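Quick caveat, the model's predicted, so the values are computed rather than measured. First the proteins, then the strands, lettered A, B, ... as listed; each starts at 1.
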Number of protein chains: 2
Amino acid sequence: MCLECCNQSCLINNCTLDWIEKISSKKNTPHYPKNQFIFFEGSLVMGAYFIKRGQVKIISSNINGKEQTVRLAKEGHMLGHTAFGLEKYSIGAVTLSESEICFVDNRTLQEAFLENPKFTIEVMRFYSRELRKSEIRTKCLAMMNNEEKVILGLLYIAETSNDQNSNQTKIYLSRQEIAQIIGTNSEQVSRVISNLRKDKLLDTEDRTIVLHDLEALKATLSHYCIAIEY
Amino acid sequence: MCLECCNQSCLINNCTLDWIEKISSKKNTPHYPKNQFIFFEGSLVMGAYFIKRGQVKIISSNINGKEQTVRLAKEGHMLGHTAFGLEKYSIGAVTLSESEICFVDNRTLQEAFLENPKFTIEVMRFYSRELRKSEIRTKCLAMMNNEEKVILGLLYIAETSNDQNSNQTKIYLSRQEIAQIIGTNSEQVSRVISNLRKDKLLDTEDRTIVLHDLEALKATLSHYCIAIEY
DNA sequence: TATGGTATCTGCGAAATTGCAGGATCTTTC
DNA sequence: GAAAGATCCTGCAATTTCGCAGATACCATA
């Protein structure tokens, strides 16, 4: 039931009570394990997804199967509607952690948009924010060298991770997964992480990366004027 | 007057007649010469811009003043609203050709959104499409080598150019401007353009680049599965 | 038409990135 | 707990990209 949902940041909360109940009765909320596809590139668009809990990567591949992660999403984010107006997804989505994700079909969503201006406006604002973030990312990936890109990637992962309450952010992604976020390869990521560890800018516990001072990492990227969001 | 506007693709056309007239009476439509700032990074957000005619680049700079073009826009596109909810622009916008651009203030826009669900939905879809395009661009810039990036840039410029009616698309941007779109430098762009001219994939007339076969150029990038949009 | 300033082109050495290879470490499975 | 498989780390050579510099071509102004 949406009305009892623990996730206050869900966009559906911007609908009227009637509509929240209506959507609630039509949605379903499967439980996804880690590394599970939510939808594939090329598959039919049936509706949209709202992340209740967990972390998700949005990916796009070239013809050889090489994957690029184009966006990370966490609870409160909306997925899959990017392809609105198209019949098929041009991107895919995969869970990075165990997740709960609500699905709402196209028709219900369309009616909700027409009758809930506040909801529609907030969804518009969400896309507007994501576009701005994507554009800042474009700039950073275009201008930065490898080391800076890796730091950017780590901060981006931290930003979209769920347990950022403590002063120790832990990153469980593989070097390969991090490389796909910033458009490089796993060797480069390894090298940079080794250097950052020597410089005391992060720690590692086995393969887990531990960020103990986000501000110090952000300071290394201050040339790029990205104080607000990563 | 919006009702007599030549630009059918303007998002404002999705409002009711009443509202089109209301917006029409409140907007203004300055005439911008080439290379004119529409708004600056860091300046206050007063409203949104709707391009009636012309081509615009959205830019973001680092602290040394080095510029990256993060998006191109043409007639029918909406600008400046990316910063919705923020007080200041995180990006800037500059005309690439002589342009007419309508300005609508925040308050009028907000009321229009609340009372014109169709308008709001179309604006949402616009941002959704732009986000998808930005993400495909992220992937391409991350995966492509220099030559491929230059071709991508040329196709992107052609796509957002106004005179794509003939089978000869002419590009009047400088090598430096092209370089800023794809995140490289003017020398690299020169080199690639020379090679493409030798391979008969484009012509040059003085400094103007002439694309006479867009399909052939697109074919060189087919590995990246970007058939739909650039 | 002449002239100064700017943009473009291209060669070349420097720097950064890539990709392979081999060894070390960690995880999984039995 | 041992073995097999996967991931991670790091050195090195090959490749790509960068950025300076000089030559050429173009544009604006007088």
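- OP1 and OP2 of D:dT7 both lie 4.0 Å or more from every side-chain N or O belonging to A:Ser186.
- The separation between B:Ile193 atom CD1 and C:dT8 atom C1' is 10 Å, rounded to whole Å.
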Protein-nucleotides 15-18 of chain D N/O pairs under 3.5 Å:
from	atom 1	to	atom 2	distance (Å)
D:dT17	OP1	B:Asn146	N	3.0
D:dT17	O5'	B:Asn146	ND2	3.3
D:dC18	OP2	B:Asn146	ND2	3.3
D:dC18	OP2	B:Thr184	OG1	3.0

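- Put simply, OH on A:Tyr172 is 16 Å from C1' on C:dT27, counting in whole angstrom units.
- Rounded to an integer number of Å, the gap from A:Ile209 CD1 to D:dT7 P is 15 Å.
- Under a 4.0 Å N-O distance rule, the pair A:Glu98/A:Lys34 does not qualify as a salt bridge.
- Atom CD in B:Glu205 sits roughly 15 Å away from atom P in C:dT8 (whole-Å rounding).
- Just one of A:Leu211, A:Ile209, A:Thr69, A:Ile181 meets the side chain to side chain contact (heavy atoms under 4.5 Å, CB included) condition when paired with A:Ile157; it is A:Ile181.
- Of the N and O atoms on the side chains of A:Ser90 and A:Glu41, not one donor lies less than 3.5 Å from an acceptor on the other residue.
- Rounded to whole Å, the distance from CD on A:Glu177 to P on D:dA6 is 16 Å.
- In this structure, the ring of A:Phe126 has its center less than 6.0 angstrom from the ring center of A:His77.
- Distance, A:Leu173 CG to D:dC8 C1': 15 Å, rounded to whole Å.
- Between A:Leu196 atom CG and D:dC9 atom P there is a gap of 12 Å when expressed in whole angstrom units.
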Please write out the pairs of protein N or O atoms and N or O atoms of nucleotides 21-29 of chain D separated by less than 3.5 Å, giving the distance to one decimal.
from	atom 1	to	atom 2	distance (Å)
D:dC26	OP1	B:Asp206	OD1	3.3

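- Ring-centre distance between B:Phe39 and B:Tyr49: below the 6.0 Å cut-off.
- Between B:Glu148 and B:Tyr224, the side chains place a donor N or O and an acceptor N or O closer than 3.5 Å (distance only, hydrogens not considered).
- Residue-level contact check: A:Ser190 touches the bases, meaning some heavy atom is under 4.0 Å from a base atom.
- Between A:Glu130 and A:Lys133 there is a salt bridge, since a side-chain N of the basic residue sits under 4.0 Å from a carboxylate O of the acidic one.
- B:Glu147 meets the side chain to side chain contact (heavy atoms under 4.5 Å, CB included) test with B:Asn145, B:Ile151, B:Val192, B:Asn195; sequence neighbours excluded.
- The C1' atoms of five pairs define one axis at each end of the helix from C:dT1-D:dA30 to C:dC30-D:dG1, and these two axes lie 50° apart (to 10°).
- Judged as a side chain to side chain contact (heavy atoms under 4.5 Å, CB included), and not counting sequence neighbours, the contacts of A:Cys5 are A:Asn7, A:Lys52.
- For the pair B:Gln176 CD and C:dC9 C1', the computed distance is 15 Å after rounding to whole Å.
- A donor-acceptor contact closer than 3.5 angstrom links the side chains of A:Thr160 and A:Gln55.
- Identified under the salt bridge (Lys or Arg N to Asp or Glu O under 4.0 Å) test for residues 184-211 of chain A, with sequence neighbours left out: A:Lys170-A:Glu205.
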